[in-house]
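Here the structure comes first, spelled out in structure tokens, and everything after it is commentary.
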Amino acid sequence: MPLPKQFDSADVESRLYEAWEKGGCFKPSGKGEPFCVVIPPPNVTGSLHMGHALNTTLQDILVRFERMRGKDVLWQVGTDHAGIATQMVVERQMAEKGEKRTDLSREEFIERVWEWKAESGGKIQNQFRRLGASVDWSRERFTMDEGLSAAVRKVFVQLYEEGLIYRAKRLVNWDPKLVTAISDLEVETREVQGHMWHVKYPLAGGETYEYVETDADGNETLRETRDYIAIATTRPETILGDGAVAVHPDDQRYAPLVGKLCEVPVGPKEHRRLIPIITDEYPDPDFGSGAVKITGAHDQNDYGVAKRAGIPLYRLMDEHASMRADGAPYAEEVEKAAALRDQDGEPDEAAVDAINLVPDDLRGLDRYGARWEVIGQCEAEGTLIRVEDKTIQQPFGDRSGVVIEPMLTDQWWVDAEKMAGPAIEAVRSGKTRFVPENWDKTYYQWMENIEPWCISRQLWWGHRVPVWYGPSLRKSMGKPSSDALEQWKRGELSMEDMLMSGEGPERMIPDHGTKKVFCAESSEKAFAMMREYYPTDYQIGTVELEGRSIDDIVHQLAEKGRPNLIPVYQDEDVLDTWFSSALWPFSTLGWPEETSELERFYPTAALSTAFDIIFFWVARMMMMGLHFQKEVPFKEVYIHAIVRDEHGQKMSKSKGNVVDPLGWMDTYGTDALRFCLAAQATQGRDLNLSEQRVEGYRNFRTKIWNAARFVEMNEASVPEGFDPAALKLPLNRWIAHEATEARAQVTSALEAYRFDDAAQAAYRFTWNLYCDWALELSKPILNGEDAAAKEETKATLAWALDRILVLLHPFMPFVTEELWAQTGERDGFLMLEDWSAPDLRDEAAAGDVRFAIDLISEIRSLRAEMNVPPSARLPLVALGADAETQRRLKDQAPALRQLARIEDITLADTPPQGAAQIVTGGVTYALPVAEHIDLSAELARLEKEIGKTESEIGKIDNKLANEKFVSRAPKEVVDEQHTRRADFTATLEKLQAAKARLEAM
RNA sequence: GGGCGCAUAGCUCAGUGGUAGAGCACUGCCUUCACACGGCAGGGGUCCGUGGUUCGAACCCACGUGCGCCCA
């Protein structure tokens, strides 16, 4: 069946992908050197965007290349569970039916998420199939599947036991809409129009000072007596939680105030708090007033200052970023704050956090409502100096779209600093190498300044923190009297007194006021730990808090007459999705089981990803891999570009310039998109994607298709026992030579992750050598009389086409596989074909064919310039040709006749009358163009050639005249210049002779 | 403020000590029997600027200008 005229990408793509998968082509062969790549797991709710398309295409190119080279390739695929995104998707779905997550129990909700995943969670996987990704689907993993969850729990428990995971109160990015901590990655900082409010903080006790400003030369520009310090803030509502005012230690304006107290200028007048004026390197004397208010619980920078100076961190807001409404009336809370401040030593974090410094009238307002109230009060009191319009950087939650509130909360943390050491060392020592290598700087910079990693999220969907809490034990005097117990139940006796009222020997009893942590890989193990810990006469029961406090539960149990039942509960938080992704290179290979895959494929060979997740993912995989496997997770990290639109703009939904890769795949075919992405994947620069370029590569695909049709129409095929090393004709030996060169170029480019060079080398060989010259030069032979030459040429064309299919397969898997199937009797799939081929370089044959190519090109150029009609045939006269040239002319005569439309070829010592002349390869050729020749045009053309040649000779002469060049430059460079000069001079002489002959006419 | 980049043809980009390249776009010619998603030919460049190193700089170094991005 002949090849169809057109390649139908839609039909071929799905059919072939299925065939590959069915044929087991994506599975490791079990033979050869192991080569493993783990796919960066896409979000299970995600769909394919251009970044995925690029990353997946590049990986697939590498993987197909290595597979064809005979390596034992495992491309490990899977998705991550994307805690927030997935929970949101399911909640949105529920909302459509008028349901809320909290209508369900946690368990029921998680069940719903699994149902959603079963129905709709496979979208991006199918899109990977459309891209042609040769991943091993039989090993697909999901971060929430049983094995990966076991890995997560094991890692958590071990790190906890090693002290590398801990619970602490620190500042996090709090999303008040989603009501959870989120990672830096999920925070998008945007410039928005805002304001800067300048506010006076009166000095305590009405003190005054001389405020002096000077210019750069030290001249005084302002002097006044002030009884306040001015601060500037973009968030006036946080004034309520100020713990200090900070100035730069070198700022002379405020030097007299350091160590003094000033007044927080809002809240009821009679309860104004006094806060210290301190120094810190953070305030920029040139920014605002130079004095910065410090609200440690609601600002990253302030947090640092407060921590350094021991300033209390007053939390002002609740989980919805509304002003706190808990605690005692404001007057009492202020006193508590003052009492804590006056205590010696560091204030207790929890005690400070319990203090609510929001004045009674502002409690329950949202952040912005409170802001206007605060401004209003300042204005009324005259402490508002001025309001400045200002562009400010504001953090937004990328999923919720609301302003992120830096907030002090209790979270689980990984002590990343301790784990970073080996991860830094692994890159320094070259165990893991970044490509391009300058990305290691980004890695070092982050690793060396790494912050504790917040791993807990206040969600339901995810790996639940494997920690259970119960009361700790403390000593008691024995069993309390039943009277005391009754009194305690009625609330007439404190628990303490009740417990101490007992008689008999001392014993351990639960103290519900303090927590005991049980960290274990399963509830069973945790339960066993508890059983061990608690006295045998207590029962242990697991409860879900579901919004209740443990005190309430304890009380309820007591009321029900079950004081011997100890309620324990699991931590309600889940872990950051990145925590499970950090284990990806070994968890997907089966860890914690000791699998043969883990043994064989870890460390993996290469990781391909974009630079923006070096921090969030690459660095963390390095830390976890080194900690748990004692080896790096991958030997090389290829960092590819970010895909931008054709004008270099970042693609974003708001700009509306997002290109859907699937759309282009529909229009141009997957192969064209893949080739385009590879050809543009240069190192060290972003990738500006243009539709015209994809179109160009679609044309390239069509070109290959048509070349194959040409081969087919000539009934060319590779015969049994074909030996490309035994070819006779220069043309055939030449294309074998070029095929060898091309394969070498593509191979070394791919080994160096130079996808652009690899694509270009394959493109050039296919189009500019095979199609433009091999096929064209074959035509006179195929149409000629020499049967043996015909057979050899047909066989070679078919063989060379096969080489092209092999070479292009990693880039364009579909069209190449289809042609492979359609153009011969094949033993198997092209994708499993051997990449290697014998070295068939032959410079002599290459020289012969290049002679023809050069001469044909020169003649064509001359004809075009002389406006010789394409149909006209011209005789060619070689002037004083040497023996080799004569041989070549004889050999190449059919080619010259057909491709340069030469009539016949003769040798002469002097040119015929009225001939245009060209000089190439040291020989002058005359083309009697008689009726076509325009004498002056031909003279002008020759003069131009002469001018160019003279200028080249001039440049070389300058060099050679330079004594220092001759004496200091390497000999071969000098020799080369002599050779070049000789060549140019010979050409020049011949050109001048040609010109002289014309002038003589 | 700290860090990382980029600046080469109209556009998008390779090149990185010795001869300036590609693709696309552009111009002219050609429906020739694989392909007009094609063929042939052609035009087009102070390699951002200024210094320095060197026999020699688009390339190495310094400074400057402009533009990105990351961290704070």
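Just so it is clear: chains get the letters A, B, ... in the order the sequence lines come, proteins before strands, and each one is counted from 1.
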Please state the P separation for the pair B:A14 and B:G23 - nearest whole angstrom.
-> 16 Å
Using the P atom as the reference point in each nucleotide, state the distance between B:A57 and B:G52 in Å, no decimals.
-> 11 Å
Who pairs with B:A62 - Watson-Crick or G-U, where each distance is under 3.5 Å | B:U50
To the nearest angstrom, how far is A:Asp772 atom CG from B:A34 atom P?
-> 14 Å
If we take the P atom in both B:A22 and B:C30, what is their distance in whole Å?
-> 26 Å
Given B:U19, B:G18, B:A14, the nucleotide with the shortest approach to the side chain of A:Ala969 | B:G18
Between B:C24 and B:G44 - C1' atom distance, rounded Å | 14 Å
Does A:Arg698 make a cation-pi contact with A:Phe675 (under 6.0 Å, within 45 degrees of the axis)?
-> no
Neighbour count above 12 (heavy atom, 6.0 Å) for A:Arg764 CZ | no
Ring geometry between A:Trp767 and A:Phe700 (parallel below 30°, tilted from 30 to 60°, perpendicular above 60°) = parallel
C1' gap between B:C47 and B:U19, integer Å = 15 Å
Which base sits across from B:G68 as a Watson-Crick or G-U pair, both distances under 3.5 Å?
-> B:C4
Ignoring hydrogens and angles, does a donor from either the side chain of A:Lys703 or the base of B:C35 sit under 3.5 Å from an acceptor on the other?
-> yes
Could you please name the option among B:G43, B:A34, B:A14 that lies closest to any side-chain atom of A:Lys944?
-> B:G43
Please work out whether the ring planes of A:Tyr697 and A:Tyr763 are parallel, tilted or perpendicular, with thresholds of 30° and 60°.
-> perpendicular
Has the side chain of A:Arg698 got a donor or acceptor atom sitting under 3.5 Å from an opposite partner on the base of B:C37?
-> yes
Using whole Å, report how far CG of A:Asn783 lies from P of B:U32.
-> 16 Å
When you compare B:C6 with B:C48, how far apart are their P atoms, in angstrom units rounded to a whole number?
-> 12 Å
For the side chain of A:Lys779, starting at C-beta, report the closest nucleotide among B:A14, B:A34, B:C37.
-> B:A34
Aromatic ring proximity, centroids under 6.0 angstrom, A:Phe755 and A:Tyr638 = yes
Could you check which nucleotide pairs with B:A41 in any of the strands shown, counting Watson-Crick or G-U wobble with both distances under 3.5 Å?
-> B:U27
Let me know the distance between CD1 of A:Ile953 and C1' of B:U19, rounded to the nearest Å.
-> 14 Å
P atom, B:G1 versus B:U8: distance in rounded Å?
-> 27 Å
C1' spacing across the pair B:A20 / B:A9, given as an integer number of angstrom = 10 Å
